[in-house]
Amino acid sequence: MINLNRFDLISLRLFVAVVDGGSLTAGADRFGVSLPAASKRITELEQHCGMALLQRGQRGVPPRPKVRPCTGTPSR
């Protein structure tokens, strides 16, 4: 279960920017932060949620299947 007492809305907004942009780089640019800062915030958000939220690969970072309904991203 996710502990909402320490939920970071800035990281959640960054996560949405990454999903919308299709990559960490695009999400970081859209959100106005450096790539290392974006990566660290997403990793911390994943640790907070207790699961990987993104499928990291060489061609972008789509949301994991369990996360897609929350992002409005269609299944492939």
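Computed from a predicted structure; not experimentally measured.
For Val33, the side-chain contact (heavy atoms from CB on, under 4.5 Å) criterion is met by Leu14, Ala28, Phe31, Ala37, Ala38, not counting sequence neighbours. Shown here are the salt bridge (Lys or Arg N to Asp or Glu O under 4.0 Å) partners of Arg56, two or more places apart in sequence or in another chain: Glu46. Scanning for side-chain contact (heavy atoms from CB on, under 4.5 Å) contacts around Ala26 gives Ser23, with sequence neighbours left out.
Within the structure, side chain to side chain donor-acceptor pair (under 3.5 Å) contacts touching residues 34-43 (residues at least two apart or in different chains) are Asp8-Arg41, Ser11-Arg41. Counting only residues at least two apart or on different chains, no salt bridge (charged side-chain N to carboxylate O under 4.0 Å, His left out) pair has a member in residues 22-38.
Counting heavy atoms from C-beta on, the side chains of Leu45 and Gln47 never come closer than 4.5 Å.
The environment of Ile10 atom CD1 is sparse: at most 12 non-hydrogen atoms of other residues, nucleotides or ligands sit within 6.0 angstrom.
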